[in-house]
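Indexing begins at 1, ligand by ligand and atom by atom, following the structure's order. Note that the numbering runs from 1 along the sequence shown for the chain.
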Amino acid sequence: MADAYVPTPKDRFTFGLWTVGNPGRDPFGEPTRAALSPAEVVELLAKAGGDSHGVWGVNFHDNDLVPMGATPAEADAIKGSFAAALKKAKMRVAMVTANLFSDPAFKDGAFTSNDAEVRAFAVQKCMRAMDLGAEFGAKVFVFWGGREGVETEGAKDPIEAEQRFRRAVDFLCDYSIHRRYEYRFALEAKPNEPRGHMYFATTGHYLALIPSLKHPDLVGVNPEVAHEHMAGLNFTHAVAQALAAGKLFHVDLNDQQFGRFDQDFRFGSVDPKAAFFLVKLLEEQGYDGFRHFDAHAYRTADRDDVVEFARGCMRTYLILKDKAKRWAADSTIKSLLKQINSPSKDLDRLCETFTKSHAETLLAMAFDRAALAARPLPYERLDQRTMEILLGVD
Ligand code: GLT
Ligand code: MN
Ligand code: MN
């Protein structure tokens, strides 16, 4: 059966240089693995992708590829060996982003910093990251405002902070248009970590911001499983809202226990049932964007185990995709779905469009509340059958 879950480029699986390249540092301990050069990360991913070249591509922050302070000659050498590794591995670059959180200059934010010079530096850094990404053919640019927030609310006016953020995104959209880069921008929310309180805490916050931007058509969201779970939210619902709005420009797949520190675990490893409904949604809705695994291997992993981690992310996705097909084709599920839905085209028509006569008809209707309440909804059976399909019981 193993062959059924072999990734191919059609799956559009991507990883960031910072994901499989993560050396295992955490706030309490030093790295447990050797740092990898960008070309070495590509080699590792080529191994994880196997003979079918299952990894579509690699994403990076500007400084994952070219460290801050590199000379032009150093930058050229790094870019050259990265490009050669990509070519050899038949991989591309899908998404690029700017690191606006590691450097101490961004200690109080980038676009929302209280310091106009820091804000200008952040915008300049993004322009340069867009130039760099364009050299590698990236078409998605992610904004993750890691330091956009506060610990003490008195530090910033939250309305001014929102305006600063909006102005920066508007400027960068115009820069992309000016340079004809054709980037689509994806805003990534997170409620906290590394700041005490981060602005735009959830995907829903960003979906509400987008219509107020200068170029709303160019901007969408990049929801991340772990970030919504940190806020105790249902990730599938966030993704569904983004899809319905035509705003799912990218997705960060990983896993996270509710109520814990930022974990970035292997996709599907904490809550496979939630991951199943997510994959089902993405696949059934025909999401054609990248499936980016923004996760880290356990700190205990050595390099071979990091390869297993990357394989595991893809394999779990493909297993869940297969389960979604089985779920939809399952006769018990099908008959339960029929039973739990009570459609009426006439009633839908009546309530969908307001007319005076529709309103009068509706006002005059009598509903039998007891009969409505008595209708069976066998959701226990539905969920148990779902569990059995997930657990491999046919
Ligand atoms: C960082 C963060 C991620 C973001 C990355 C993009 S960097 O690792 O935890 O969720 O997607 O800047
Ligand atoms: Mn992410
Ligand atoms: Mn994260």
What short N/O contacts, under 3.5 Å, does ligand 1 make with the protein, listed by atom pair and distance?
from: ligand 1; atom 1: 8 (O); to: Trp18; atom 2: NE1; distance (Å): 3.3
from: ligand 1; atom 1: 10 (O); to: Glu188; atom 2: OE2; distance (Å): 2.7
from: ligand 1; atom 1: 10 (O); to: Glu224; atom 2: OE1; distance (Å): 2.8
from: ligand 1; atom 1: 10 (O); to: His227; atom 2: NE2; distance (Å): 3.4
from: ligand 1; atom 1: 10 (O); to: Asp294; atom 2: OD2; distance (Å): 2.9
from: ligand 1; atom 1: 11 (O); to: Glu188; atom 2: OE1; distance (Å): 2.6
from: ligand 1; atom 1: 11 (O); to: Glu188; atom 2: OE2; distance (Å): 2.8
from: ligand 1; atom 1: 11 (O); to: Asp252; atom 2: OD2; distance (Å): 3.1
from: ligand 1; atom 1: 11 (O); to: Asp294; atom 2: OD2; distance (Å): 2.8
from: ligand 1; atom 1: 12 (O); to: His61; atom 2: NE2; distance (Å): 2.7

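Residues Phe277 and Phe235 keep their aromatic ring centres 6.0 Å or farther apart. Taking the six-membered ring wherever Trp is involved, the centroid distance between the rings of Tyr298 and Phe309 does not fall below 6.0 Å. Taking the ring centroids of Phe185 and His250, they lie at or beyond the 6.0 Å cut-off. Taking the six-membered ring for Trp and the full ring otherwise, the centers of Phe106 and Phe101 sit at least 6.0 Å from each other. Checked against a 6.0 Å centroid threshold, the rings of Phe82 and Phe136 count as neighbours. Taking the six-membered ring for Trp, Phe60 and Trp18 have ring centres at least 6.0 Å apart.
Using a 4.5 Å heavy-atom threshold, the side chains of Asp170 and His215 count as separate.
In terms of heavy-atom proximity, Asn59 sits nearest to His292 at ND2-CD2, 3.0 Å.
The aromatic rings of Tyr181 and Tyr183 sit perpendicular to each other, their planes meeting at more than 60°, with 30° as the lower class boundary.
The set of protein atoms (N, O or S) found at less than 2.8 Å from the Mn ion (ligand 2) reads Glu188 OE2, Glu224 OE1, Asp252 OD2, Asp294 OD2, by chain and number.
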